[in-house]
Amino acid sequence: MHSLIIFASGAGSNAAAIIAYFKQNGKAKVSLIVSNKADAGVLDIAKKEEIPFLIIDRQTLHETMLIEQLTDHKPSLIVLAGFMWKVPAAIVHAFPGKIINIHPALLPGYGGKGMYGHHVHHAVVAAGERESGITIHYVNEVYDDGNIILQARCHVDENDSPDELASRIHKLEHFYYPRTIEFLIE
Ligand code: GAR
């Protein structure tokens with residue numbers, strides 16, 4: 001059974017989709033959820049699903065003890081699902097080729113520091129783009145920069161609000177992220 005660790009800061013709809021997908025097919029198990037926000041919705045999901053969780057701050061993110069805790073779970077993949085902090089180089093180096101992220105736009109567009117969650121959809125709509133999508137990529141030391149594994153596209157309507165675009169993007173994420181994880185661990 002493959003072990004997955006999820007890092008998330010927000011509501012956790014992607015975490016929920018991943019948990020549900022692998023509960024159903026039994027190929028992997030989310031063994032730990034790490035969050036930098038004590039009141040993040042993803043922690044309610046962890047509690048409901050009885051998945052161990054860890055709340056970290058900026059200091060613990062950089063401690064070698066965190067790397068040891070992550071290693072203990074022998075993760076096949078560390079999955080960033082709406083994790084809003086940069087992953088320290090020490091963690092990237094401790095898990096080479098094993099950390100992936102999902103970004104709610106077509107990188108390299110609309111990526112980089114400050115471009116996360118609804119900020120991305122606001123920027124895409126404000127720029128009058130007619131297309132957006134998702135990017136699943138490996139994590140390296142630079143924000144939103146690692147090798148791309150998969151992109152999926154959707155249209156942006158002229159009258160779309162950022163929230164409407166966000167919900168279209170979430171649907172793509174919930175479909176493709178679990179399946180991409182499955183493909184990578186097989
Ligand atoms: C997702 O749309 C994800 O792509 C985005 O945050 C959202 C989290 O939603 N991630 C980033 O912007 C990373 N730069 P969720 O908490 O409902 O899964």
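Start at 1 and go down the list; that is how both ligands and their atoms are numbered.
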Student: Only pairs at least two apart or in different chains count here, so list each salt bridge (Lys or Arg N to Asp or Glu O under 4.0 Å) that has a residue in residues 162-183.
Tutor: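 Passing the test, one end in residues 162-183: Lys27-Glu182, Asp157-Arg168, Asp160-Arg168.
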
Student: Answer yes if Val34 and Ile102 sit in the same cluster of Ile, Leu, Val, Met, Phe, Trp and Tyr residues linked by side chain heavy atoms under 4.5 Å apart, and no otherwise.
Tutor: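 Looking at the clustering, Ile102 is in a separate group from Val34.
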
Student: Do other residues, nucleotides or ligands put more than 12 heavy atoms under 6.0 Å from Met65 CE?
Tutor: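 Incorrect, the count does not exceed 12.
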
Student: Purely on distance, is any nitrogen or oxygen of His121 under 3.5 Å from one on ligand 1?
Tutor: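 No: no nitrogen or oxygen of His121 is under 3.5 Å from one in ligand 1.
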
Student: Which ligand 1 atoms, with their elements, are less than 4.0 angstrom from a heavy-atom of Gly82?
Tutor: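 Ligand 1 atoms under the 4.0 Å threshold to Gly82: 6 (O), 8 (C), 10 (N).
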
Student: Is any N or O atom of Asn101, backbone or side chain, closer than 3.5 Å to an N or O atom of ligand 1?
Tutor: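 There is no such contact.
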
Student: Enumerate the atoms of ligand 1 whose separation from the nearest heavy atom of Gly117 is less than 4.0 angstrom.
Tutor: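 Answer for ligand 1: 11 (C), 12 (O).
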
Student: In the protein, which heavy atom is nearest to atom 11 (C) of ligand 1, and how far is it?
Tutor: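 Among all protein heavy atoms, the one nearest atom 11 (C) of ligand 1 is Pro104 CD, 3.6 Å.
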
Student: How far is atom 16 (O) of ligand 1 from its nearest protein heavy atom, and which residue and atom name does that atom have?
Tutor: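 Nearest protein contact, heavy atoms only, for atom 16 (O) of ligand 1 is Gly12 N, 2.8 Å.
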
Student: So is Ala11 touching ligand 1 or not, going by heavy atoms under 4.0 Å?
Tutor: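 Distance cut 4.0 Å: Ala11 passes for ligand 1.
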
Student: Distance only, no hydrogens: is a donor on one side chain within 3.5 Å (strictly under) of an acceptor on the other, for His93 and Glu141?
Tutor: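 Yes.
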
Student: Just by distance, do the side chain of Thr135 and the backbone of His103 share a donor-acceptor pair under 3.5 Å?
Tutor: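 No: the side chain of Thr135 does not pair with the backbone of His103.
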
Student: Do Ser31 and Ile51 come within less than 4.5 Å of each other through their side chains, counting heavy atoms only?
Tutor: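 No, every pair of side-chain atoms sits at 4.5 Å or beyond.
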
Student: At what distance, to the nearest 0.5 angstrom, does CD1 of Ile181 lie from CD1 of Ile136?
Tutor: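 Answer for the CD1-CD1 pair, Ile181 versus Ile136, is 7.5 Å.
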
Student: Determine whether Ile99 and Leu54 fall in the same hydrophobic cluster, where Ile, Leu, Val, Met, Phe, Trp and Tyr are linked whenever their side-chain heavy atoms lie under 4.5 Å apart.
Tutor: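 Shared cluster, yes.
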
Student: With a cut-off of 4.0 Å, which atoms of ligand 1 are near a heavy atom of His103?
Tutor: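 Selected atoms, number and element: 4 (O), 14 (N).
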
Student: Taking only heavy atoms of Met84, which atoms of ligand 1 are found under 4.0 Å from at least one of them?
Tutor: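 Ligand 1 atoms under the 4.0 Å threshold to Met84: 6 (O).
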
Student: With a 4.5 Å heavy-atom cut-off, do Cys154 and Glu131 have their side chains touching?
Tutor: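 When only atoms from C-beta onward are counted, Glu131 and Cys154 do not touch, as no gap falls below 4.5 Å.
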
Student: Show which atoms of ligand 1 fall inside a sub-4.0 Å distance from at least one heavy-atom site of Met115.
Tutor: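 Numbered from 1, ligand 1 contributes 14 (N).
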
Student: Compute the shortest N/O to N/O distance between Ala81 and ligand 1 and return yes if it is under 3.5 Å, no if not.
Tutor: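 Such a contact does not occur with ligand 1.
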
Student: Give the residue and atom name of whichever protein heavy atom lies nearest to atom 17 (O) of ligand 1, and the separation in Å to one decimal.
Tutor: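 Its nearest protein heavy-atom neighbour is Ser13 OG, 2.5 Å.
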
Student: What atoms in ligand 1 come closer than 4.0 Å to a heavy atom of Tyr116?
Tutor: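 Those of ligand 1 that fall under 4.0 Å from Tyr116 are 12 (O), 14 (N).
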
Student: Is Tyr138 reachable from Val92 through a run of I, L, V, M, F, W or Y residues, each pair having side-chain heavy atoms under 4.5 Å apart?
Tutor: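 No, Val92 and Tyr138 fall in different hydrophobic clusters.
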
Student: With heavy atoms of Glu173 as the reference, note each atom of ligand 1 found under 4.0 Å away.
Tutor: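 Matching atoms, with element in brackets: 1 (C), 2 (O), 3 (C), 4 (O).
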
Student: Counting heavy atoms only, which of Ile102, Asp144, Leu107 comes nearest to atom 10 (N) of ligand 1?
Tutor: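 That would be Ile102.
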
Student: Considering heavy atoms of the protein only, find what lies nearest to atom 9 (O) of ligand 1 and give residue, atom and distance to 0.1 Å.
Tutor: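 Here the closest protein heavy atom is His170 NE2, 3.2 Å.
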
